[in-house]
Amino acid sequence: MTNKKPFYITTPIYYPSDNLHIGHAYTTVAADCSARFKRMQGYDVYYLTGTDEHGQKIERVAREKGMEPRAYVDRIVANIRVLWEKMLITNDDFIRTTEPRHEKAVQEIFKTIFDKGDIYKSVYEGWYCTPCEAFWTERQLVDGKCPDCDRPVELMSEESYFFAMSKYQDRLLKHIEEHPEFIQPESRRNEMLNFIKGGLEDLCVSRTTFQWGIPVPFEKGHVVYVWFDALTNYLTAIGFGVDQEKFERYWPCDVHLVGKDIVRFHTVIWPIILMAADLPLPKQVFGHGWLMLEGGKMSKSKGNVIDPLVLIDKYGVDAVRYYLLKELTFGMDGYYSEDMLVTRINAELANDLGNLVSRTAAMAERYFDGIVPASVEPNDLDADLKKTALEAVLECERQLDRIDYSSALGAIWRLVNRANKYIDETAPWVLAREEASQGRLATVINNLVEAIRVITIVTAPFMPTLPTRINEQFAFFKDPNQITWDEAKEWGQIVPGGRVHKKENLFPRVESGQRPGAAANKEEKTMDEPVVEATKEKEESTFISIEEFARMDLRVAEVKAAEKMKKADKLLILTLQVGDEERTVVSGIAQWYTPEELVGKKVVLVANLKPSKLRGVMSEGMILAAHEGEQLEVLTLAPDFPSGSRVR
Ligand code: MSP
């Protein structure tokens, strides 16, 4: 048995009712990034993912396709496994709830709680949402529909087993109050506290109207409620009831990473199951935001799902992982767009990182015949680069520990940008002209190679093929799969005399929506005249022409009225006066502004944005706001500025 500290992280187990989309891939990539980071830090990581295969929804979908549920899910599960392989997911186990090991664990927990008296028999009369596999009371429905997904619910009346959740309400509240880290981020914690304070009802935990589930061990004809079954997977996989040593090693779990829609199941039902079974609670449930499309949620029925395999094929796995982890800021929703993906590839990966590596390798080849020189004449600029590197590593580590992947990447990019600036400041191509500055030139190249070594280490959890690919150029590591995180904290580790082989840019540039091809590599910057070259590169990727900008119709608009959108706690419906015209705009700023605060304000409207329907309301434009992390501020003008005026 290892003496490393254990770290247990899980994703939700996915419904294999259909192939997974890029939104599901987000959770798994995010957890993979944490798992890789913790392994590099020396933890004994157990990373679990899998599939949630029982329940009425799966049974129905399979029957609709004329298949047995088992045969149906087998096919989808095989696709999910391929997807995770392609996304370079390093899960230590893949659990399927149809496995015998799981059936045994669920039956054992169910029986334990029954024997204790916390599961009892009664009659359930109420509403059921099959897509969410959730029970609702009349009072909880919104307009007669599921309060979570807004879809129709079905009336149920069955003899069932009930779980005495209400009995645990105060104990759960106390736990959440005493352990602020238990539910993160803070906003979700508050939501859950309010939900629990509203009163918990006993939960129906068995069904008799369908068969596709785990049988209740002591009564024929009843199957265990699918969420009771699914949540227990977190215990099964680490040997509950079978391998006590393994179980005690990894339980309680360090993080259950879940989407915001299922935080309630993980922070109310799950802890109460554990309390009733006399087991410790997980240390943290982190509820991340959703990856949305401009028109709303991704869903098979809308036909708008984005297939991660297609994106990987087009842009490569590192780029797709980078994009996902960068795009969703801490706990909040993000919007998917292929244009943004391409912009990030060209600007942040090809330009910033790819060029830093290419330019450094090219200069090492050109000025030192591909041999890493020693640092012989250090000065203050070098000290600043070193300081930035150490700060970046520590900040990245801090952000990864709070599950803020986007800010962690932001910290790394401060170093990437500092290193690029260091090239401009030190101007190696000028140093190369004079014999007297050869010592300084050697030092600059040495420092750049060192910065790339540090960057390679800290980007590894996000983009796992980078260490091997960068190693082909710089041979930093004996085994790129064995790098430790702490190596990034030690500046000055590269050995002078090492060989450098310049290769193609790590990230070929792409034109929007196109497959990367030979032409995309044509403009790659290889040499060392950075000022002119850098500008040229930027022109092609991040700059737009004045004509392109002029296509945007930006107008001053006055907020005449504002109201919260029903059942959408993030959205406000604004009525804007734009000159003589009135417009309705739906804006996702309800977390930052009350309707009253906005009325009377002069804001900037993107007036020729294609109208789109959001939650049934046609939004005719978008208002501009600055947004960084948890901060957001709407751009405003002086109150007397005439509405309808153009903004350029
Ligand atoms: N089977 C349950 C989980 C049981 S865990 C004990 C389930 N499955 S799911 O397939 O519907 O969803 C799995 C996860 O994918 C959830 O965390 C959900 O939030 C996440 N996502 C689904 N669509 C998503 C996006 N568009 N964006 C981000 N995450 C999304 O719920």
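Predicted model only: the values in this text are computed from it and were never measured. Each ligand, and each atom within it, is numbered from 1 in the order the structure gives.
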Can you pull out every salt bridge (charged side-chain N to carboxylate O under 4.0 Å, His left out) where at least one residue sits in residues 228-237? Sequence neighbours excluded, please.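 Every candidate salt bridge (charged side-chain N to carboxylate O under 4.0 Å, His left out) pair involving residues 228-237 fails, so no pair, neighbours aside, qualifies.
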Going by side-chain contact (heavy atoms from CB on, under 4.5 Å), name the residues that satisfy it together with E103, two or more places apart in sequence or in a different chain.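 E103 satisfies side-chain contact (heavy atoms from CB on, under 4.5 Å) with Q107, I214, P215 only.
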Do me a favour and list the nearest non-hydrogen protein atom to [atom] with residue, atom name and distance?
| atom | answer |
| --- | --- |
| atom 16 (C) of ligand 1 | I262 CD1, 3.7 Å |
| atom 10 (O) of ligand 1 | Y15 N, 3.2 Å |
| atom 13 (C) of ligand 1 | Y14 CD2, 3.4 Å |
| atom 20 (C) of ligand 1 | T27 OG1, 4.0 Å |
| atom 27 (N) of ligand 1 | L291 N, 2.9 Å |

Using a 4.0 Å cutoff against the non-hydrogen atoms of [X], which atoms of ligand 1 qualify?
| X | result |
| --- | --- |
| D52 | 1 (N), 2 (C), 4 (C) |
| Y234 | 5 (S), 6 (C) |
| H288 | 28 (C), 29 (N) |
| D261 | 18 (C), 19 (O) |
| A230 | 6 (C) |

Against the six-membered ring of Y225, is R207 placed for a cation-pi contact (under 6.0 Å from the centre, within 45° of the normal)?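 Not flagged: R207 not positioned over aromatic ring of Y225.
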Assess the pair [X] and [Y]: is the distance between their ring centroids shorter than 6.0 Å?
| X | Y | result |
| --- | --- | --- |
| F94 | Y47 | no |
| W84 | Y14 | yes |
| F135 | Y128 | yes |
| F163 | W270 | no |
| Y46 | F7 | no |

Report the part of W227 in contact with ligand 1, treating N, CA, C, O as backbone and CB onward as side chain, heavy atoms under 4.0 Å; options are side chain, backbone, both, neither.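 Under 4.0 Å from ligand 1, W227 contributes side-chain atoms alone.
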Ligand 1 versus H266: contacting region, heavy-atom distance under 4.0 Å: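 Contact part for H266 vs ligand 1: side chain (C-beta onward).
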For [atom], which candidate among [options] provides the closest heavy atom?
| atom | options | value |
| --- | --- | --- |
| atom 24 (C) of ligand 1 | A30, G23, G259 | G23 |
| atom 22 (C) of ligand 1 | M298, H24, H54, M292 | H24 |
| atom 5 (S) of ligand 1 | T11, L293, I13 | I13 |

Tell me whether the rings of Y234 and H266 are parallel (<30°), tilted (30 to 60°) or perpendicular (>60°). tilted
Answer with yes or no whether the side chains of R402 and S407 bring together a donor and an acceptor at under 3.5 Å. no
Ionic contact status for E133 with R60, cut-off 4.0 Å: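 No, no charged N to carboxylate O under 4.0 Å.
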Does ligand 1 have any atom that is closer than 4.0 Å to a heavy atom of H21?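 H21: in contact with ligand 1 (<4.0 Å).
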Taking distance alone, with N or O pairs closer than 3.5 Å, would you say [X] contacts ligand 1?
| X | answer |
| --- | --- |
| Y26 | no |
| W290 | yes |
| K260 | no |

Flag if over 12 foreign heavy atoms under 6.0 Å of NZ, K104: no
